[in-house]
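Take a look at the structure set out below.
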Amino acid sequence: MKREENELLTQVGKGTPMGEVMRRYWHPICTSAELPTPDCDPLRTRLLGETFVVFRDSHGRVGVIDELCMHRGASMALGRVEDGGIRCIYHGWKFAVDGRIMETPNHEDPRLRQRLKAPCYPVHESAGLVWTYIGPAEHQPPFRRFGFEDVPDANRVVLRINVNANYLQCWEGGTDTSHVTMLHSNVARPNWALGNGKAASGVADDMLVEAFNDTAPKLEIEDTSFGFHYAGIRTAPGEEGSRRNVRIVPIFLPGGRIIPFRDFSTWVFETPQDDEHTSTYMIDASATMPLSRQARLKRSGLIEERFYKDNNFRASWDDRLGQNRDAMRKQQNWTGFSGISQEDAIISTSMGPVYDRTREHLVAADAAIVRLRRRLLDAVRLVEAGKTPPAAMVADMTRMQGFDTDWDITQRWQDIAPEHRMHFALEKEPA
Ligand code: FES
Ligand SMILES: [Fe+2]
């Protein structure tokens, strides 16, 4: 990859080509849990290289405003949230969630308040997430529903993980199925140290299939209107003839994927804070059973506060990113890390803030990563040509699903996800 292409794909600030693509979608800006009560402390947070203040007013409504006060630029993150708005502590100007100027104590003439409006953004709060749209008003798309909103609250776990790395290396990691058997050996192949290639019964986590012992999954990829989907095809122990395990994973703009499990799915949104920081939002939702946040944190390796606290994932080279070399030497732990999310966040961090793709050596197993980059470049071209980026206008995204299932290779894997063909077929190649 050329340096210019790497920059094109990784830079998301206002006015950059990828930044303009990203600004055509709604993004999560925080979790509802970060604004727990009316008039709670405001949140200062970044999205696509810009800084915003998010607050919940006395009525429980959420507002997203530019960080710096429109009067003379004090940070509204220091503001007082009271009586239906947020008040700047510098001269006391007060704003409502819709940008209305409620009070200007140092300026009596009310015409100023009527004439001006504070820079604020549309907000949609549902299923434990606060979403906003910061792109051009004339292109504001409908809010998109994904399906995790529809399950009972007890059947859903929402996580935000702030990682010190560019969004694309996080997203490429999530698109790359071949690392699972290696990086996540501790969970995916729990008796790797025995070298017998079989999952020890009772050791494998409930979310994993024995098929992960197949270290060379076949990969088939097809473009869709949301991006693409791929089938990771694995032979499970004891499977014979034409039976295989297949995992169909949708990869969708901007930053999304669905990880399928047997009893639930995880929707992931790799949301750029800026070029060097990403908020990974993960929503586990099950149609059939309650899910436990504690169990999820434990399974993901996020229970350890030295790595994960207040939504922030932290690791430093002072102690080799926290790697446990002793456990590796004793063959107790393959990576010296534990838990899938911990391992993924460590790898993204280890690549540096913005990974330099000019030096890599891709192989056939990296086909989905190549496809992701190509589809992102397609999206840049679409927006530059004045067109709509992939599936930005589709309000009902619930028909996009992931599957983890047994399957017969004499059938078409696309038929496991017929709704993708019906609703997300790629009509024609982008120009
Ligand atoms: S800077 Fe905010 S009121 Fe003056
Ligand atoms: Fe991973």
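We're numbering straight along the sequence, starting at 1.
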- Note on the structure: Taken to the nearest 0.5 Å, the spacing of T51 OG1 from L68 CG works out to 7.5 Å
- Item | Neighbour count above 12 (heavy atom, 6.0 Å) for E108 CD | no
- Does the ring center of H179 lie less than 6.0 Å from the ring center of H184? yes
- Under-4.0 Å salt bridge between E304 and K309: no
- Message: Between D223 and R371 (salt bridge meaning N to carboxylate O under 4.0 Å), is one present in this structure?
- Response: yes
- Aromatic plane relationship, F146 with F269 - under 30° parallel, 30 to 60° tilted, over 60° perpendicular: perpendicular
- Under 4.0 Å between a Lys/Arg side-chain N and an Asp/Glu carboxylate O for E305 and R314? no
- How are the rings of F313 and F307 set relative to one another: parallel (under 30°), tilted (30 to 60°) or perpendicular (over 60°)? parallel
- Query: Any Lys/Arg nitrogen of R56 or D39 sitting under 4.0 Å from an Asp/Glu carboxylate oxygen of the other?
  - Reply: no
- Considering only heavy atoms from C-beta outward, does the side chain of M18 approach that of V21 to under 4.5 Å? yes
- Message: Quick test of your reading of the model: are R373 and E5 salt-bridged, counting only N-O distances below 4.0 Å?
- Response: no
- Message: List the residues meeting side chain to side chain donor-acceptor pair (under 3.5 Å) with E384, not counting sequence neighbours, and say none if there are none.
- Response: none
- Task: Apply side chain to side chain donor-acceptor pair (under 3.5 Å) to E270 and T280, showing your working.
- Result: CA-CA 5 Å; E270 304 289 2; T280 302; 2.6 Å; yes
- Message: Can you tell me which residue among T278, T45, N162 is in a side chain to side chain donor-acceptor pair (under 3.5 Å) with Q273?
- Response: N162
- Residues R244 and D406 bridged, charged N to O under 4.0 Å: no
- Specify the closest pair of heavy atoms between Y281 and T31, including all atoms of both residues, with the distance to one decimal. CE2-CG2, 4.1 Å
- Message: Give me each pair satisfying salt bridge (charged side-chain N to carboxylate O under 4.0 Å, His left out) with a member in residues 11-24, each pair once, sequence neighbours excluded.
- Response: R23-E50
- Steps toward salt bridge (charged side-chain N to carboxylate O under 4.0 Å, His left out) verdict (R421, E222): CA-CA 10 Å; R421 164 133 334 133; E222 185 180 68; 3.7 Å; yes
- Once the angle between the rings of F143 and W131 is folded into 0 to 90°, is it parallel (under 30°), tilted (30 to 60°) or perpendicular (over 60°)? perpendicular
- Query: Is the closest basic N to carboxylate O distance between K2 and E4 below 4.0 Å?
  - Reply: no
- Could you grab the distance from atom CG of D344 to atom CE of M282, nearest 0.5 Å is fine? 6.5 Å
- Item | Where H420 and Q401 come nearest, the two heavy atoms and their spacing | NE2-N, 2.9 Å
- Out of curiosity, L48 CG to H27 NE2, how far, rounded to the nearest 0.5 Å? 4.5 Å
- Message: Is it the case that atom NZ in K117 sees more than 12 heavy atoms from other parts of the structure closer than 6.0 Å?
- Response: yes
